Each structure stands twice: as C-alpha cells, then as structure tokens.
Amino acid sequence: MTSSTGRQPTFSCEFFPPKTDKGMDNLGIAQHKLDEAMRPAFYSVTFGAGGSTRDRTLETVDHLRGVESISVAPHISCIGSSREQLRELLARYIERGIDRLVTLRGDIPEGGAVGNDFHHANELVGFIREETGEHFHIEVAAYPEYHPEAESPQSDFDNFARKVRAGADSAITQYFYNIDAYDRFIDRCERAGLDIAVVPGIMPITNYTSLARFSDRCGAEIPRWIRKQLESYGEDAEALRAFGADVVTDLCARLLHNGAPGLHFYTLNQADATLEIWRKLNP
Ligand code: FAD
C-alpha cells in the first residue's frame, strides 16, 4: 500500500500493560495475529497515569520482545516521575536495545500527586535529548481537535511546536473522526516549518458507551451522524461493529489517499477490530 506521496506508509499498533498473567498471554496472541497480517513497524506500550505502570510497561515490553523479535516503543510520561526515576528507566531501555519512545506529559491521575520535576512533555523531550543524545527516535502526541486543557487553539499548537523544537522526530495524533481537523493540523505544521511526520491515531469502533465516555474525557469528537447511528444499534453489537469498521476503514483510506505518513492503531489489546479494518483496506 502506498500513499499519494509515493512513500510507503508506516503502520503501528498500541497496547496497554495487562494487569494479569492471563491478560499478558492474550496480548501475546493478539500481537502474533497482528504481526502475521500487518507486520507493523512497531508496537507501542502505554504508561499508566502518574507513572502507575512504570514497572508493568517495562514487563510488557520485555514480554513482547521475548515472544518474537519485534520493535517495541514504550510510552514514557513525566507527570508523577522524578528526573532520577526517568534517568534510570531510560538506562534500562537503552540496555534492552530500545530505540524509540512515545514521549508524553501523561494524564494527571485523579486526585493523584504530581511530581515537580516536569510539567509538560516538551521538558521531557529536552531531558531525553540531554541525557541520551540522539539514541532514541522520539514520538510525541498531537491533537488535531486540541487538547482538552488547551488555553486556546493557537497556544495548543505553539505547545506542540515546542515539543518538535525540543527534539521530537515524529508525532502520533489523538484519535479523531473529523478528517478536516487533521488536514488543517498538517497545513499548520507546514506553515510553521515543522518538518515531521504526524501519523493519525486510529480508534476502531467496537463499543459505543466506552467510546463516548473516553471521547468526552480526551476531547475527541464523535460527529453527530456517527453518534446517532451508533446509538440506534442499541444492543445489536454485530451491526455496531460492522458500521464502525466501515466508517473507520473509510477514514483510513481517505487519510492514506491524502498522503498521511502512516496509521497508528489504538488496539486496546484486541487484534480483531484492527485486523478487520486492515483487511478492508487491503482487499
Ligand atoms: P503536553 O504536550 O505537555 O500538553 C498538555 C497540555 O499542556 C496541553 O493543553 C498543552 O497545550 C499544554 N502545554 C504543553 N506544553 C506547555 C508549556 N510548555 N507551557 C504551558 N502549557 C503547555 N497518557 C498516559 O498517561 N499514558 C500514555 O501512555 C499515553 N499515551 C498517549 C499516546 C498518544 C499518541 C496520545 C495522543 C496521548 C497519550 N496519552 C497517554 C494521553 C496524554 O498523556 C494526555 O493527553 C495528556 O493530558 C497530555 O500529554 P501530552 O504529552 O500531550 O502533554
């Protein structure tokens, strides 16, 4: 599959650290299925709010790399972690041959304590560059529909630019279903001279209630026509899944056609919904 730019797009998949051994086994199965069909360029593993999964992220990275020789990109966030803790974590990743990180401020944990060493992701990007030079390919988060805490669209974009200028190599977006928001974000990057790949984050649609709840929290809009259609399925999970797969496949196809540099799938540790989209994209 090529995009309209003629470059080969990059595909990646995101997991979260499972809480149980069974969850870890299931993750291995999902990863194997995704690998057989898609051969993603890398799998990323999230980092719990406030550093709550610092160790479990590392364990998940080790588990995945032990299963097959695949490229894994841990997420690393700075809220709730000290410079010393992050320095140690970076050293452990370097020891393991990890060379890509998804670098974030992180969600502020509910009522949780927030450390004082870092306040925003641009500071963490700068810290990683200071400590480890060019060792890591650094991904950062981008928000085509704006971050929920943003003071204004302009300041949110300026803050994104700070992360790029601090040394980010590429970005992955929050998921969105409004393609215009992504196109405008890319135009804005071009006008600002930010020459980095901004890969759309893709959220498959499998469950309306949890998608609506999460979208409210993270500031991703579910367009009215999609929301109404999803609501109309009620308990009919099969119809909802089929509609969701169509809508998201169409979004992916249009993004690639317009030149998106790749797609990053938020798999929620389930292979099937991502693979359904993948197969529809590659009939
Ligand atoms: P920042 O870039 O620091 O931005 C946060 C807010 O602060 C924005 O409103 C921004 O405009 C503002 N801001 C930024 N810099 C400055 C500055 N220097 N001065 C003043 N204001 C500023 N969360 C997790 O907890 N774990 C994960 O593993 C995780 N993975 C994610 C992966 C992706 C691809 C994405 C898109 C999000 C992920 N998140 C994750 C969610 C993310 O942590 C939250 O959206 C968080 O609230 C912001 O993180 P950030 O890195 O975008 O922060």
Side-chain angles (χ1 to χ4, degrees), residues 10-18 40 42-58 60-61 72-81 86 89 93 100-110 112-115 117-128 137-176 181-182 185 188 194 196-203 214-221 260-269:
T10 303
F11 300 100
S12 50
C13 292
E14 182 168 311
F15 295 139
F16 60 84
F42 65 91
Y43 296 88
S44 79
V45 182
T46 63
F47 193 84
S52 55
T53 67
R54 203 175 296 117
D55 292 336
R56 279 200 292 120
T57 299
L58 190 66
T60 307
V61 167
V72 182
H75 295 206
I76 180 167
S77 77
C78 54
I79 279 288
S81 295
L86 292 177
L89 190 57
Y93 285 140
R100 184 186 287 263
L101 295 172
V102 182
T103 302
L104 305 140
R105 180 197 72 178
D107 277 326
I108 298 177
E110 274 172 40
V114 170
D117 282 357
F118 302 94
H119 300 94
H120 294 290
N122 65 295
E123 297 162 22
L124 179 58
V125 174
F127 175 73
I128 296 172
H137 178 109
I138 298 183
E139 306 267 6
V140 289
Y143 300 87
E145 297 181 315
Y146 314 118
H147 185 266
E149 294 161 34
E151 279 178 20
S152 69
Q154 185 60 45
S155 69
D156 205 35
F157 186 79
D158 293 344
N159 290 328
F160 173 72
R162 285 179 203 246
K163 298 193 273 196
V164 178
R165 298 199 174 109
D169 296 295
S170 51
I172 301 172
T173 75
Q174 182 58 276
Y175 68 88
F176 56 87
Y182 174 78
F185 190 86
R188 215 163 178 179
L194 303 181
I196 65 166
V198 179
V199 173
I202 302 296
M203 181 66 88
F214 190 58
S215 300
D216 280 349
R217 268 215 329 262
C218 73
E221 190 190 49
L263 301 171
H264 178 79
F265 290 94
Y266 294 110
T267 70
L268 304 179
N269 292 6

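Every number for a ligand or one of its atoms is a count from 1 in the order of the listing. These figures come from a predicted structure and were not determined experimentally.
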Might you point out which heavy atoms bring [X] and [Y] nearest each other, and give the distance in Å?
| X | Y | value |
| --- | --- | --- |
| L101 | I128 | CD1-CD1, 4.0 Å |
| P74 | T57 | CB-CG2, 4.3 Å |
| S44 | V102 | CB-CG2, 4.1 Å |

Would you mind listing which atoms of ligand 1 come within a distance below 4.0 Å of any non-hydrogen atom of [X]?
| X | value |
| --- | --- |
| A141 | 35 (C), 36 (C), 52 (O) |
| Y266 | 33 (C), 34 (C), 36 (C) |
| Q174 | 36 (C) |

Compute the shortest N/O to N/O distance between [X] and ligand 1 and return yes if it is under 3.5 Å, no if not.
| X | value |
| --- | --- |
| A142 | no |
| N159 | yes |
| F47 | yes |
| I172 | no |
| K163 | yes |
| T103 | no |
| Y143 | yes |
| D156 | yes |
| H147 | yes |
| T46 | no |

Could you give me the CA-CA distance, side-chain angles and deciding distance for E139 and V199, then say whether side-chain contact (heavy atoms from CB on, under 4.5 Å) is met? CA-CA 10 Å; E139 306 267 6; V199 173; 5.7 Å; no
Does even one non-hydrogen atom of A150 get within less than 4.0 Å of ligand 1? yes
Proximity flag F157 to ligand 1, non-hydrogen atoms under 4.0 Å: no
Quick one: does [X]'s side chain have a donor or acceptor within less than 3.5 Å of a partner on [Y]'s backbone?
| X | Y | value |
| --- | --- | --- |
| S170 | I196 | no |
| Y93 | A73 | no |
| S81 | C78 | no |
| T173 | Y175 | no |

Could you walk me through whether E14 and F265 satisfy the side-chain contact (heavy atoms from CB on, under 4.5 Å) test, starting with their C-alpha distance in whole Å, then the side-chain angles of each, then the deciding distance to 0.1 Å, before giving a yes or no? CA-CA 6 Å; E14 182 168 311; F265 290 94; over 6 Å; no
Ring centroid separation for F118 and H120, is it under 6.0 angstrom? no
Is the distance between the ring centroids of Y143 and F157 less than 6.0 Å? no
Between the candidates V45, D107, T57, which shows the shortest non-hydrogen contact distance to atom 41 (C) of ligand 1? D107
Record the part of [X] in heavy-atom contact with ligand 1 below 4.0 Å; permitted values are side chain, backbone, both and neither.
| X | result |
| --- | --- |
| H264 | neither |
| N122 | side chain |
| H120 | both |

Which residue pairs pass the salt bridge (Lys or Arg N to Asp or Glu O under 4.0 Å) test when at least one of the two sits in residues 148-170, sequence neighbours left out? R105-E149, R129-D169
